[in-house]
Amino acid sequence: MHEDRELTLRSLLTGLVLGAALAPCNVYSGLKIGWSFNMSIIALLAGFAFWRALERAAPVPRWTLKESNIGQTAASSAASIISGGLVAPIPAYALLTGAQLPAAPMMAWVFAVSFLGVWVAWYLRPALIVESPLRFPAGVATLETMGDIFGRGREALARIAVLSGAGLVSGAVKWASTFVWQLPRWSPSLALERLTFALEPSLLLVGFGAIIGLRVGASLAAGALVAWGGLAPWLLARGWVAMPAEAPGSLFGPLVEWLLWPGVSLMVAATLTTFAVKGVRTLRGGHGVGIRRNALRARGPAAGFAVAALLAVALQVLLFDIGIALALLAIPLAVVLAAVAARVVGETGIPPIGAIGKVSQLGFGVAAPGQTVTNLMTANVAGGAAGQCADLLNDFKVGHAIGAAPARQAIAQCFGVATGSVVGVLVYLALIPDPAAMLLTEQWPAPAVATWKAVAEALTLGLASVPPSAQLAMLAGGAVGVALGALDAAPRPPRWLPSGVALGLAFVIPASISLMMFAGAALAWALFARNAPLAGRFTITAAAGLIAGESIVGVAASFWDMAGR
C-alpha cells in the first residue's frame, strides 16, 4: 500500500523547498524577457534524485509516483508566482505612482490574486481535463517524464545527467557573458536591430523554443515578420509611431504601444472562438450539465473560491483605494479571462498572462476612465488568477492520468502559492530596489512592465485615447483571430494551420525573442526527424536545463552586482 502515499509531509516539503529555489529563475526571466517556464520537470527530476539517493543511504520509505506528483505540483505553483504581478503590473504601479509597495502588502496581494486562480482551475478541471482532448503540453511532458523515470531506473539517471549538463552549459555561457566577455547581439543592419531583429546569445530562449514545438515556433516567426518587419516600418513611415529624437536605440517601446492592440485582439478572438465552438459542441453532446453539477457539488472548493474572491476585493480597496463596485467587477472578469488563458495553455503551453491583462485593462479603461491605478491593479487580478489557473490545470492533467486525488493537488498548490508569494516578493525587492532607476534599461528591459505601463497610461482617458488606426487594426486582428479560431475548432483542422495565439503574441514581444524561439523549435524538430526516440527522451529535459541554468546564473550575477555596489 506504500505506493498509495500521496500528500505526505515529505512530498509537500520537497515541493516547497524546490519551488523556493526555482521561483527566482522565473522572476529573473520575467524581468529580462517577460516570459516564465513551467518548472514541473525540473522539480520532478530533482525530487526523484534526492529521495532515491537517500533510499540507498538510509532506511526511508520508498518515494512514490503520487508523492512525486504532489512535489512537482507544489514546486511549479511556487515558481509560477510571477503571474501574480511581480514582473509586470506591480513594477508598472511603482513607475506610475513612484511608490513601491512594502514587502508584506505585496506578498498578501500576490497571494490573493494567485489563490483565486486555484479555485477557477478547480471548476474548469471537469471540462478541460476530464472531458476534453486538450493536450496541455507542459503537463504531458511532465507525465511522460514521470512514467519514464519510475518505469526505468537508468532512464532517471540519464535524464538527470542531461538536465544537469544542459544547465551547466547554459549557466557557463551566461557567466562568461556576464563576467568575462559580453557576447554581442548579431543583426544584419542597425536599422533591423532597431526594429528588434537580432540574434540573442541566449540558450534560455532556445530552450523555450524547443518546448513549444515547430507549429507555434513558426507562427511566432511569421508574426514577428508581419509585425516588426512589415507593420513597424510602415507605421514609422506614415508617422503613426513617432521616431524618438534621442540617440539611436531599440524602437520596441514606442512600437509595441501600437502593435499590442492587433496582437491582443488576435489572441483573444482566436481563443474565444475556439472555446465557444468547442463548448457548444460539448453541450450538444449532453456533457455540459453533468460537468456543472459535478463541479458545484463540493462545498469546500466553493468556500475556497469565496474566501479568495473576498480577499482579492478587500485588498483592491485597502491597498489601492479602488471603488468597491469596480473591485467586485474584477472577480467575474478574472474568472472569464482565466478560462480563456486555460484554453490557450491547453493548446500551446504558453500562458498569455500579458494578453489577458491587456483585455482586462481595456475593459476597465471603459468602465473607469482616468483611473490609472484602478486600470492597472484590477487587471492584475485577472492576470494572477489566469497564471495559477493554467499552472494547476497542467498539474491536474498529470494527476488525472495517474489517478491522483485532485483535492490533494489543490492543497499542495495552495501551499506552493503561499511559499512563492514570500520568496518571489523578497527576490523581486532585492533585485529591483529602485524601479524608477533600474527598470526599462539595458540591464532590466522588463518588456512586460513597459507594456502594462503604456496601456494603463493610454487608457486613463478611455477607449477614445486609442488611436483610430490602432482601433482599425484591433478589428482586423480580431477578424483574423476569429477565422483561425474557427478553423482550429473544426473536427479536422488543417495540419499546418498557424496558431492564432502565437501569431498575436509575436506582436507584443521583440522579434529577436520570436526568432530565437523559432530557432529552438526548428532544432528540436530536426532532432526528432533524425532520431525520434532519442529526441523524445531528452529534448524537454535538455530544454529545461538550458532555461534553469541561465536563469540561476543571471539571478546570482544580479545579487553579485548589488553586493559590489
Quiz prompt | Pair Phe208-Leu546, side-chain contact (heavy atoms from CB on, under 4.5 Å): steps then yes or no | solution = CA-CA 9 Å; Phe208 269 115; Leu546 293 178; over 6 Å; no

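- Of all heavy-atom pairs spanning Met146 and Val398, the tightest one is CE-CG1, 3.8 Å.
- In this structure, the side chains of Val425 and Leu101 stay at 4.5 Å or more apart for every pair of heavy atoms.
- Partners of Tyr428 by ring pair (Phe, Tyr, Trp, His ring centres under 6.0 Å), not counting sequence neighbours: none found.
- Counting only heavy atoms from C-beta outward, the side chains of Thr142 and Lys397 never approach each other to under 4.5 Å.
- Looking only at distances, no side-chain donor or acceptor of Ser164 sits under 3.5 Å from a matching main-chain atom of Ala161.
- Interatomic distance, Ile81 CD1 to Met107 CE, rounded to the nearest 0.5 Å: 11.0 Å.
- Ring orientation note: the planes of Phe115 and Phe111 are close to parallel, at an angle under 30° on the 30°/60° scale.
- The backbone N or O of Leu163 lies less than 3.5 Å from no partner atom in the side chain of Thr541, so there is not a single donor-acceptor pair.
- Here the side chain of Gln409 pairs a donor or acceptor atom with the backbone of Asp395 at under 3.5 angstrom.
- Of all heavy-atom pairs between Leu16 and Ala74, the closest is CD2-CB, 4.1 Å.
- The two atoms that bring Ala412 and Thr73 nearest to each other are CB-CG2, 4.2 Å, heavy atoms only.
- A heavy-atom distance below 4.5 Å is not found between the side chains of Val373 and Leu96.
- Taking a 6.0 Å sphere around CZ of Phe538, one finds it holds more than 12 heavy atoms contributed by other residues, nucleotides or ligands.
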Quiz item: What do the steps show when you test Leu220 against Phe518 for side-chain contact (heavy atoms from CB on, under 4.5 Å), and what is the final call?
Solution: CA-CA 7 Å; Leu220 282 171; Phe518 169 66; 5.7 Å; no

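- Closest approach of Ala338 to Leu124, counting heavy atoms only: O-CD1, 4.4 Å.
- The shortest side-chain heavy-atom distance between Phe396 and Leu128 does not fall under the 4.5 Å cut-off.
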Exercise. Kindly determine whether Ser202 and Val206 satisfy side-chain contact (heavy atoms from CB on, under 4.5 Å), including the steps that lead there.
Key: CA-CA 7 Å; Ser202 171; Val206 174; over 6 Å; no

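- Across Gly84 and Val113, no two heavy atoms sit closer than the pair O-CG2, 3.7 Å.
- Not counting sequence neighbours, the partners of Thr539 by the side-chain contact (heavy atoms from CB on, under 4.5 Å) test are Ala210, Ala524, Phe528, Ala535.
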Could you pull out all donor-acceptor pairs under 3.5 Å where a side-chain atom in residues 308-317 meets a protein atom, sequence neighbours excluded?
| residue | atom | partner | partner atom | Å |
| --- | --- | --- | --- | --- |
| Gln316 | NE2 | Ala312 | O | 3.3 |
| Gln316 | NE2 | Ala327 | O | 3.2 |

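- Within the model, atoms CD1 of Ile41 and OG1 of Thr145 stand 4.0 Å from one another, a figure rounded to the nearest 0.5 Å.
- With rounding to the nearest 0.5 Å, the separation of CG in Leu429 from CG in Asp434 is 12.0 Å.
- The closest donor-acceptor contact from the side chain of Ser170 to the backbone of Glu550 lies under 3.5 Å.
- Residues passing the ring pair (Phe, Tyr, Trp, His ring centres under 6.0 Å) test with Trp258, sequence neighbours excluded: none.
- Among residues at least two apart or in separate chains, side-chain hydrogen bond (donor to acceptor under 3.5 Å, both in side chains) pairs with a member in residues 95-112 are Trp109-Asn380.
- Between Leu326 and Gln371, some side-chain heavy-atom pair lies under the 4.5 Å cut-off.
- The only option from Cys414, Pro301, Cys389 that meets the side-chain contact (heavy atoms from CB on, under 4.5 Å) definition with Val118 turns out to be Cys414.
- Without hydrogens or angle criteria, Trp228 side chain to Ala506 main chain gives a donor-acceptor distance under 3.5 Å.
- Nearest approach of Leu86 to Gly424, heavy atoms of both residues: CD1-C, 3.5 Å.
- Side-chain atoms of Ser11 do not come within 3.5 Å of backbone N or O of Leu7 as any donor-acceptor pair.
- For the atom pair CZ (Phe320) and OG1 (Thr372), the distance works out to 14.0 Å, reported to the nearest 0.5 Å.
- The closest side-chain heavy-atom distance from Ser40 to Asn394 is not below 4.5 Å.
- Side-chain contact between Ile149 and Ile160 is absent, with no heavy-atom pair separated by less than 4.5 Å.
- Side-chain contact check for Val449 versus Val87: every heavy-atom pair is 4.5 Å or farther apart.
- Looking at Ser177, its side chain never comes within 3.5 Å of a backbone N or O of Val173 through a donor-acceptor pair.
- Note that CD1 of Ile552 and CD1 of Ile547 are 11.5 Å apart. Values are rounded to the nearest 0.5 Å.
- Using modelled atom types, no side-chain atom of Gln72 and backbone atom of Leu44 make a donor-acceptor pair closer than 3.5 Å.
- Not counting sequence neighbours, the partners of Thr14 by the side-chain contact (heavy atoms from CB on, under 4.5 Å) test are Leu18, Trp51, Trp63.
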Quiz item: Are Ser83 and Ser80 close enough, and set up right, to give a side chain to side chain donor-acceptor pair (under 3.5 Å), and what steps lead you there?
Solution: CA-CA 6 Å; Ser83 64; Ser80 65; 5.2 Å; no

Practice problem: Test Ile411 against Leu12 for side-chain contact (heavy atoms from CB on, under 4.5 Å), laying out the working first. | Solution: CA-CA 9 Å; Ile411 291 171; Leu12 186 58; 5.7 Å; no

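- Note that OH of Tyr93 and CE of Met106 are 9.5 Å apart. Values are rounded to the nearest 0.5 Å.
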